[in-house]
Amino acid sequence: MADVQFSPALLEFLAERHLATLVTQRADGSPHAVPVGFTVNGTRVRVITFAPSVKARNAARGGRASVTQIDGARWVTLEGAVRLLTDEVSVAEAVAAYAQRYRPPKQRTDRVVVEIDVDRVLCNGGLK
């Protein structure tokens with residue numbers, strides 16, 4: 001994994017309440033892009049979803065994914081290896097983080113987590 005560091009300005013931007021676009025890879029390699037809420041913990045991005053979703057199925061295959069948050073001229077894309085987390089502890093942690101950043105999500109019994117291990121950060125100059 002690359003040595004990824006987030007500047008104070010970037011951390012501040014990532015703490016703001018914004019939606020983002022998650023891009024995962026379909027089985028045929030084409031991109032699947034959807035709007036999502038997400039949270040960041042260290043250099044890991046987490047997106048809660050439900051097991052039958054396309055993004056969950058794509059993450060379960062592995063590969064790479066990204067999230068892009070945009071607010072006017074400020075933007076950041078966080079890229080890295082993706083995986084699907086299904087264990088109760090990881091799901092509970094991700095739901096709690098999502099609830100703190102956005103709002104408590106509706107209860108679901110099929111909740112899972114798309115997790116990206118960030119190894120590349122692209123952003124506008126003001127966030128470097």
Side-chain angles (χ1 to χ4, degrees):
M1 183 167 148
D3 183 28
V4 174
Q5 304 243 343
F6 296 158
S7 71
L10 180 55
L11 288 171
E12 185 177 314
F13 182 52
L14 289 170
E16 294 174 9
R17 187 182 184 276
H18 295 288
L19 294 177
T21 301
L22 170 70
V23 179
T24 56
Q25 295 174 320
R26 293 184 180 101
D28 68 2
S30 65
H32 175 258
V34 293
V36 295
F38 73 101
T39 59
V40 177
N41 183 356
T43 58
R44 292 206 169 127
V45 169
R46 287 186 169 176
V47 175
I48 60 173
T49 189
F50 52 97
S53 71
V54 173
K55 60 185 159 283
R57 292 193 315 263
N58 291 346
R61 280 193 301 278
R64 293 184 61 79
S66 67
V67 294
T68 300
Q69 175 174 291
I70 302 170
D71 180 47
R74 298 179 308 156
W75 63 272
V76 62
T77 297
L78 305 173
E79 299 179 7
V82 66
R83 63 183 172 168
L84 189 68
L85 305 176
T86 59
D87 65 282
E88 289 182 27
V89 172
S90 296
V91 171
E93 288 173 354
V95 167
Y98 180 94
Q100 184 174 8
R101 183 171 186 196
Y102 298 101
R103 60 177 163 66
K106 292 179 182 176
Q107 292 292 328
R108 290 193 70 118
T109 58
D110 60 351
R111 182 84 58 205
V112 294
V113 180
V114 173
E115 184 175 77
I116 301 170
D117 290 316
V118 178
D119 61 18
R120 176 185 260 176
V121 178
L122 304 150
C123 61
N124 69 302
L127 297 176
K128 289 184 179 185

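One is the number of the first residue; the rest follow in order along the sequence.
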Donor-acceptor pair, distance only, cut-off 3.5 Å: does the side chain of [X] make one with the backbone of [Y]?
| X | Y | result |
| --- | --- | --- |
| R101 | V40 | no |
| R26 | N58 | no |
| S53 | F50 | yes |
| E79 | L122 | no |
| Y98 | E93 | no |

Do [X] and [Y] touch side chain to side chain, with heavy atoms closer than 4.5 Å?
| X | Y | value |
| --- | --- | --- |
| L85 | V91 | no |
| D117 | R83 | yes |
| L22 | I116 | yes |
| R108 | I48 | no |

**Report entry** side chain to side chain donor-acceptor pair (under 3.5 Å) partners of T77, counting only residues at least two apart
**Finding:**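 Testing T77 for side chain to side chain donor-acceptor pair (under 3.5 Å), a comparison that skips the adjacent residues, returns T68.
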
Report task. Could you list the residues that satisfy side chain to side chain donor-acceptor pair (under 3.5 Å) with N124, not counting sequence neighbours? Result ->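 In terms of side chain to side chain donor-acceptor pair (under 3.5 Å), with neighbours along the sequence ignored, N124 is linked to no residue.
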
Report task. Write down the atom of R46, the atom of S90, and the distance for their closest heavy-atom approach. Result ->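 Answer, listing the atom of R46 first, then S90: NH1-O, 3.7 Å.
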
Report task. Give the C-alpha distance, both sets of side-chain angles, the deciding distance and a yes or no for salt bridge (charged side-chain N to carboxylate O under 4.0 Å, His left out) between R74 and E12. Result -> CA-CA 12 Å; R74 298 179 308 156; E12 185 177 314; 5.8 Å; no

